Amino acid sequence: MTIAPEDKTRETYEKNLRLLAPWIQDSLTKIEEEELWRKIEVRYNGEGLPVCRYHQGENSFRITGARPAEEAQQWYASLRERETGCIFLYGSGFGYPLFEVFAQKRPNTLVILFEEDLYLFKAMLYYFDLTPIIETRKIMIFIGDSGHFARAFDQLFLSIVFYSCTYPTPAFTLAARRNFREQYLKIHRYVYARLSLFTFYTGNDHMDNLIGFCNLLGNAGEVLRNPYLSCLKDRYKNVPAFIVANGPSLDKNMKQLKKIRGKGLVISVESAIVPLMKNHIEPDILTIIERTPETYTYHFENRDYPKDMALICLALVDQRVFPSFPGPRIPVFRKGEALNDWFNRHLGDESALEAGANVSHLALELAAYLGANPIVFVGQDFAYGPRGATHSRGAAYNEEKGKKAKEILQAMPVVYVEGNNGRKLPSNWLWSDFKLGLEMKIAAHPEIRFLNATEGGAKIEGTACEKLSQVIQEYCTQPIPCRMNEFILENKEKLSLPERRERLAQFITAVETYAGLYRNLVGEAVGARLDCKRMVRLNEGEDSEKYRALLDRTYRKNWERYQLFLSDAMYRCFLQQVFFVYYYLMNRLGPPDTPEKITEVFKLQYNFFSHLQVVCQSVSVHLENAVEELNRVLDELENETEGAENEQPE
């Protein structure tokens, strides 16, 4: 721990600042020096260590004791020792607990620091050289409240670091517990809620990803024959958009929804389309997020839709959806998801949406992309209706084909959420997570006004509640610039099939390349499995002690091998569920510091590599099969191009 002398504090601060992420630098430089030192008082004690007091209005309290280094040592010693892959450190405690953690923790343990008070964090940078800690590359820093660091924290999910957080050890510093208890409990609840949501986003298994992959392949022709999403950017600037969900309250709004046509954009989420059509309400846009076969069987099989309604949905929906829809359509790629990004780079123009986990999330992002304002939610209950109703009366879930899905929802444990009426309403964990995800998206668009015209249901943070009739009267005063179906058809006539065909040819080469790379990963997994099996045998033998160095080298080598399987976003796309499970198991086990744990960890690693081998083999086969399917689409596009050229007048 290097303490800055009084005449070097400014120099130390500037050195520390350069080491931090740009968003943290920006936050700290906005704090005025005069205000900083009015709040934070720092003096050196008899040992030359800086001690800190915090001034808050007329109140004043200490952050450190008179002997801060000893206090930090006692604090760390009192923690329940549970060595895991990650420590969530709540509060820096003016530096001493942070340095104590890094002095005592094992080298590979990751520390994620949450410092709620920007003034306290900035003052700390004047008095301690953080270079030794940051250079370990085993710390991530988030400052401010959850709203301040939300965007940076979400990037954690997209990084390899997330796997280290599968079994975290929470540690609240003395100052965090004593002086800022409520603030840190709020951050703690937010962090774990987001981790829960991220876990949900991870998906069930690699088969879930393969379904999406196969659907993307099957829909490649639709992507290439239709306009890209980018043609719609801001085309409906300041037009009111009504996102119609399928909550039980939707039945109350049917009459009012009929008044919107032509004066606002009506975006139907997948399951709302059936009740809307039964009530002779034709939305401008139907949007879908799910990749499962039920999307087709519930909402498209044996159903007729008008030709002047547009389908704007994820490109990974069931392959039967697009061909069964008579109107214009635009397949959309999901932003920030490796498989979609890969397809988009080759077959799209890199326009995409942050779809989220729920179709209302996608609808919100679509409305924002179109430039709509305000965005109005209708039928967005996130709660059960009277007599346990899950959806509106006309929903497919009330038909025989949707009976099972409805029963699953009704069987979920009940949680209670705050309602728009101020009372607690019964809901379930799935809807509660979806509501949280929607609220996060609302917070990310402060430039847009969000209105909740749901007649009942859960309170949605970031929205203002208004009657649908009042919203229509206030905002639906002029015709929209152009019907969505007309605009898409107009842009479809402009696209170049020869250019799209060239994109596809290049993509086929990329698919062949990845098929070979996945076959190489299979070989790596097989070799690692054999090493693990041998290590178990050596460790359980009578002369195991003489192999201790070999066991240690192999253990460390296996961690290096994991990085190979994580070195490419396309690898992580299919392997993330396997990594999530086995990192959790290994983090929970802790370091292999006994013969029993050494055996257990190598058995875990053996199973880990076995699953990696199975998944990589499966993906390589699917990639090889994909080449044949894509070549078929390539031939079709060539024939269509030649046919179009022959039809040109001489």
Side-chain angles (χ1 to χ4, degrees), residues 197 200 241-257 260 266-276 278-279 281 283 286-290 298-299 356-364 367 374-399 402 405-442 450-472:
L197 196 60
F200 177 76
F242 297 80
I243 296 174
V244 183
N246 193 22
S249 69
L250 178 60
D251 296 317
K252 303 175 185 178
N253 295 124
M254 292 297 185
K255 290 183 180 178
Q256 292 296 329
L257 286 170
I260 299 172
V266 177
I267 304 175
S268 172
V269 307
E270 176 185 340
S271 65
I273 190 60
V274 173
L276 287 178
K278 286 180 178 178
N279 284 271
I281 299 170
L286 169 61
T287 191
I288 306 168
I289 197 171
E290 292 293 343
Y298 288 179
H299 305 120
N358 174 259
V359 67
S360 291
H361 302 172
L362 172 62
L364 181 155
I375 294 175
V376 188
F377 298 104
V378 182
Q380 192 67 75
D381 290 61
F382 291 128
Y384 295 106
R387 294 177 294 281
T390 58
H391 299 89
S392 67
R393 287 193 296 270
Y397 301 104
N398 294 321
E399 300 173 1
K406 181 178 179 179
E407 289 173 348
I408 291 173
L409 284 172
Q410 291 176 324
M412 287 182 176
V414 172
V415 301
Y416 286 86
V417 295
E418 183 180 355
N420 287 318
N421 58 10
R423 297 195 294 269
K424 292 293 183 180
L425 299 178
S427 180
N428 58 58
W429 65 267
L430 183 65
W431 289 342
S432 178
D433 277 354
F434 286 161
K435 184 174 83 75
L436 174 62
L438 189 69
E439 290 168 344
M440 295 295 295
K441 287 191 170 297
I442 289 170
F450 290 93
L451 303 174
N452 189 357
T454 300
E455 299 270 338
K459 179 181 179 181
I460 301 172
E461 295 292 340
T463 67
C465 286
E466 290 193 21
K467 286 277 189 182
L468 181 58
S469 57
Q470 295 173 345
V471 175
I472 294 171

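Computed from a predicted model, the values in this text were never measured in an experiment.
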Verify, without hydrogens or angle tests, whether [X] (side chain) and [Y] (backbone) share a donor-acceptor contact under 3.5 angstrom.
X: Lys435; Y: Lys459; answer: yes
X: Thr463; Y: Phe450; answer: no
X: Asp381; Y: Thr454; answer: no
X: Lys424; Y: Tyr416; answer: no
X: His361; Y: Phe434; answer: yes
X: Ser268; Y: Ile273; answer: yes

I need the single residue from Ile260, Asn253, Leu257 that forms a side chain to side chain contact (heavy atoms under 4.5 Å, CB included) with Val244. Which is it?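 Exactly one pass, corresponding to Leu257.
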Side chain proximity check, Leu276 to Met254, heavy atoms < 4.5 angstrom: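 Touching, per the 4.5 Å side-chain cut-off.
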Quick one: closest heavy-atom pair of [X] and [Y], and the distance?
X: Asp251; Y: Gly394; answer: OD1-N, 4.5 Å
X: Val417; Y: Ser427; answer: CG2-CB, 3.9 Å
X: Val274; Y: His299; answer: CG2-CD2, 3.8 Å
X: Val359; Y: Glu270; answer: CG2-N, 4.0 Å
X: Gly456; Y: Asn420; answer: O-ND2, 2.7 Å
X: Gly379; Y: Ala245; answer: O-CB, 3.3 Å

Please report the C-alpha distance between Val269 and Ile243 in whole Å, then the side-chain angles of each, then the deciding distance to 0.1 Å, and finally whether the side chain to side chain contact (heavy atoms under 4.5 Å, CB included) criterion is met. CA-CA 7 Å; Val269 307; Ile243 296 174; 4.1 Å; yes
Working for side chain to side chain contact (heavy atoms under 4.5 Å, CB included), residues Tyr384 and Thr390: CA-CA 5 Å; Tyr384 295 106; Thr390 58; 3.8 Å; yes
Straight-line distance of [X] [atom1] to [Y] [atom2], nearest 0.5 Å:
X: Leu430; Y: Leu409; atom1: CG; atom2: CG; value: 7.0 Å
X: Leu364; Y: Ile375; atom1: CG; atom2: CD1; value: 5.0 Å
X: Gln380; Y: Leu250; atom1: CD; atom2: CG; value: 10.5 Å
X: Met412; Y: Ser432; atom1: CE; atom2: OG; value: 11.5 Å
X: Ile460; Y: Phe382; atom1: CD1; atom2: CZ; value: 5.5 Å
X: Tyr298; Y: Ser271; atom1: OH; atom2: OG; value: 11.0 Å

Apply side chain to side chain contact (heavy atoms under 4.5 Å, CB included) to residues Glu461 and Ile442 and explain how you reach the verdict. CA-CA 8 Å; Glu461 295 292 340; Ile442 289 170; over 6 Å; no
Parallel, tilted or perpendicular: which fits the ring planes of His391 and Tyr397, with parallel below 30° and perpendicular above 60°?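 Geometry flag for Tyr397 against His391: parallel rings.
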Take atom NZ in Lys467; do more than 12 heavy atoms of anything else shown fall under 6.0 Å from it?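 At most 12 heavy atoms, drawn from other residues, nucleotides or ligands, come within 6.0 Å of this atom.
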